Amino acid sequence: MAAQIWGSEKRARRRREISAKIAQMPELHDSKPLPFMTREEKIMESARKLTILTEKMGQIIDPTDPAELYHLNNEVLGLEGNPMALHGVMFIPALSAQASDEQQAKWLPRALRREIIGTYAQTELGHGTNLQNLETTATYDLATQEFVLHTPQITALKWWPGNLGKSSNYAVVVAHMIIKAKNYGPHPFMVQLRDEKTHEPLPGITIGDIGPKMAYNIVDNGFLGFNKYRIPRTNLLMRHTKVEADGTYIKPPHAKINYSAMVHVRAYMLTGQAIMLASALNIATRYSSVRRQGQIDKSQPEVKVLEYQTQQHRLFPSIARAYAFQFAGAETVKLYEHVLKEMKSGNVSLMADLHALTSGLKSVVTYQTGEGIEQARMACGGHGYSMASYISEIYGVAIGGCTYEGENMVMLLQLARYLVKSAALVKSGQSSKLGPLVAYLGVKSEPTSLIDRIPNSGFTEYVKTFQHVSKRQTLKAADMFFGLMEKGEKREIAWNKCSVELNRASRLHTRLFIVEAFVRRVNEIADIRIKEALTDLLHLHVNYELLDIASYALEDGFLSASQLDYIRDQVYLYLGKIRPNAVSLLDSWEFSDIELRSVLGRRDGNVYENLFKWAKSSPLNKTDVLSSVTQYLKPMMEKARL
Ligand SMILES: CCCCCCCCCC/C=C\CCCCCCCCCC(=O)SCCNC(=O)CCNC(=O)[C@H](O)C(C)(C)COP(=O)(O)OP(=O)(O)OC[C@H]1O[C@@H](n2cnc3c(N)ncnc32)[C@H](O)[C@@H]1OP(=O)(O)O
Ligand SMILES: Cc1cc2nc3c(=O)[nH]c(=O)nc-3n(C[C@H](O)[C@H](O)[C@H](O)COP(=O)(O)OP(=O)(O)OC[C@H]3O[C@@H](n4cnc5c(N)ncnc54)[C@H](O)[C@@H]3O)c2cc1C
């Protein structure tokens with residue numbers, strides 16, 4: 001199963017080897033539990049481990065393998081971030097995709113050797129979503145052949161970029177490029193922010209940390225202002241766009257090609273979210289198989305809480321989602337790598353498809369991951385609320401994904417643009433022009449679902465039902481939009497009036513893709529035992545998801561009330577079937593205790609002993625009487641007694 005999750009036997013074995021090596025290297029372990037550290041201590045601890053990793057990485061992993069790097073990161077540095085999180089996730093990808101060969105030769109080796117630390121500075125205090133209204137300017141000075149970066153007002157301060165505040169000395173900065181008074185829109189520039197020797201901010205740069213956040217606090221998300229700060233013309237990233245010395249602008253082959261670093265993260269973050277969901281579920285499911293509370297049969301002893309159907313219903317559909325996201329994420333990364341290769345050689349024809357797909361997936365996956373993690377926390381009762389479970393930290397980090405790399409509603413609307421264009425093709429009889437991801441929009445569906453009528457139909461009838469509701473909602477939302485425009489409404493106003501319905505279409509389309517990715521994977525599996533276990537999970541997935549969106553299929557009678565009963569019964573059937581495999585389905589992800597950082601969810605299952613030991617180690621328990629008591633509470637009580 002681990003091979004299915006991680007992509008191959010070799011990958012699963014390598015993960016085990018890497019975890020085993022790290023277990024033998026105490027210098028790479030947290031020196032005390034992270035929840036007992038202040039933010040400053042955590043940042044220091046993370047930097048300590050990061051520098052040891054830089055020295056010893058080659059002994060532990062193949063540093064050129066992104067999957068091994070990511071695993072090493074999760075084990076040693078953890079999900080709260082590190083001083084170079086954005087360096088790997090966005091700075092290097094931005095340089096790799098957007099810098100010319102010559103620029104790459106100059107900067108990439110230095111970045112890869114970690115001579116310099118970089119980030120991606122795009123979002124501003126006043127604007128994150130609407131990139132056209134960013135306010136930082138890069139004005140070309142023909143006389144000196146330099147760009148002058150400037151922050152005209154407070155809302156133009158860069159705000160949020162990870163590791164910008166304190167760690168990075170370079171950044172890819174997105175600014176509106178102005179040449180001879182003409183604004184060419186947002187473009188990426190390589191900018192040195194701090195002196196390489198002293199790490200002091202360079203003259204003309206105002207920089208700092210934006211303060212603590214809901215989670216992810218090891219990362220110094222920062223602010224940045226420029227006061228007429230000059231950089232050479234050749235610091236504009238010039239793989240696709242060029243500015244000649246005389247100010248001549250050579251436009252890129254695709255208007256949005258400079259957005260590739262965002263698409264990179266959107267593609268890669270899906271499996272990151274799956275891992276966070278599976279981690280939280282691993283903790284909750286292990287705990288639920290240890291925790292005994294109440295009886296189902298009063299004549300019997302107390303049961304493990306995992307025996308309760310409500311507990312299973314709370315956890316198991318999310319287990320299925322974690323697998324589904326992992327499989328859909330792996331497909332998306334493959335597609336991304338393909339499109340990136342094509343883009344580098346000038347073929348930009350697949351960019352729109354990839355943008356639409358990743359926009360929908362990042363939105364649905366992050367939202368459902370958040371839901372699943374929060375349910376996992378509640379499933380642990382009181383102990384879930386303790387930082388000993390670590391689930392609240394996992395939640396805080398994962399839920400950030402709903403916002404970063406494009407706020408979810410906004411990204412769903414991006415996919416909706418693509419769906420509406422596709423609907424227009426269907427309506428004008430041009431279905432043959434539909435791309436493979438939306439080809440189903442042009443296929444006539446049966447009048448009713450055959451879900452409970454064709455035994456052994458595999459998952460075909462389910463897929464058809466998801467296709468039906470997605471198609472119907474897309475065409476309905478598109479009709480609504482076109483109808484408003486026909487009545488004379490301006491395009492943007494009509495769009496806004498339909499946007500809730502449009503986003504519903506985007507979600508349904510994306511959920512269909514996730515189901516299909518799960519089905520594709522299960523169909524490929526040769527090992528009969530693995531196939532059987534994953535088929536059960538897939539049964540639960542399709543029935544649970546369909547129940548969740550059933551109103552769309554009931555509206556037009558595609559599903560009947562009796563079919564709904566059938567689907568519901570299937571959910572209950574598969575909850576029971578999955579119960580014996582539940583812990584194994586999560587243990588198969590092979591998270592080490594070091595990586596999980598959860599006292600509640602350790603592999604040994606000694607929940608109560610571990611919790612008590614952890615509580616005793618709390619800094620508050622170093623003394624029996626705290627100074628807050630001697631200084632304030634004791635005098636208050638004494639005064640009251642007088
Ligand atoms: C390899 C090792 C492993 C690596 C693992 C990494 C994964 C992480 C795992 C997770 C684990 C832990 C979590 C911690 C990680 C934290 C990392 C945090 C990083 C966060 C970084 C950021 O947030 S950076 C800032 C991101 N900002 C945004 O995303 C802004 C959102 N806004 C936009 O994208 C745009 O403004 C917009 C798309 C909404 C609109 O753009 P614009 O105004 O320019 O568009 P128009 O309206 O003019 O035109 C729209 C048309 O353009 C098309 N379009 C838009 N974008 C693209 C694109 N990218 N590609 C192709 N086409 C595009 C769009 O389709 C429209 O087309 P038409 O409909 O034809 O007009
Ligand atoms: C943990 C974290 C890390 C980050 N890291 C980075 C980084 O490294 N680099 C970087 O540059 N940025 C980073 N960001 C910033 C992030 O990319 C933005 O916050 C994000 O893109 C959302 O933009 P915003 O904050 O402007 O939200 P807003 O756009 O102000 O969103 C507010 C509300 O308005 C709605 N809304 C906005 N526009 C529309 C619209 N057109 N249609 C419908 N509804 C709309 C949204 O749906 C939302 O409900 C990070 C953010 C977080 C939380």
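In each ligand, atom 1 is the first atom listed, and ligand 1 is the first ligand listed. What's counted below: heavy atoms across the whole structure, side chains too, no hydrogens, waters or symmetry copies. Note that the structure is predicted; figures quoted are calculated from it, not measured.
- Neither the backbone nor the side chain of Lys158 comes within 4.0 Å of ligand 2, counting heavy atoms alone.
- Here's the thing with Thr129: one of its N/O atoms is less than 3.5 angstrom from an N/O atom of ligand 2.
- If you check each of Lys421, Lys256, Glu80 against atom 46 (P) of ligand 1, the one with the closest non-hydrogen atom is Lys256.
- The nearest non-hydrogen atom to atom 6 (C) of ligand 1, considering only Trp160, Tyr268, Tyr216, Tyr404, comes from Tyr268.
- Of the protein's non-hydrogen atoms, Glu405 OE2, 3.3 Å is the one closest to atom 22 (C) of ligand 1.
- Where the criterion is an N or O separation shorter than 3.5 Å, residue side chain and backbone included, Gln122 meets it with respect to ligand 2.
- The N/O atoms of Tyr120, backbone and side chain alike, include one that comes under 3.5 Å of an N/O atom in ligand 2.
- Taking the six-membered ring for Trp and the full ring otherwise, Phe91 and Tyr170 have centroids separated by 6.0 Å or more.
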What donor-acceptor contacts under 3.5 angstrom involve side-chain atoms of residues 251-264, with partners at least two apart or in another chain?
{"unit_1": "His254", "atom_1": "ND1", "unit_2": "Lys256", "atom_2": "N", "d": "2.9"}
{"unit_1": "Ser260", "atom_1": "OG", "unit_2": "Gln98", "atom_2": "NE2", "d": "2.9"}
{"unit_1": "His264", "atom_1": "ND1", "unit_2": "Tyr336", "atom_2": "OH", "d": "3.2"}

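- Between the choices Arg266, His71, Gln122, His254, the shortest heavy-atom distance to atom 34 (O) of ligand 1 belongs to Arg266.
- Not a single N or O atom of Met90, backbone or side chain, sits closer than 3.5 Å to an N or O atom of ligand 2.
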Atom pairs and distances, donor-acceptor, side-chain atoms in residues 492-499, under 3.5 Å, two or more places apart:
{"unit_1": "Lys497", "atom_1": "NZ", "unit_2": "Glu489", "atom_2": "OE1", "d": "2.8"}
{"unit_1": "Ser499", "atom_1": "OG", "unit_2": "Asn496", "atom_2": "O", "d": "2.8"}

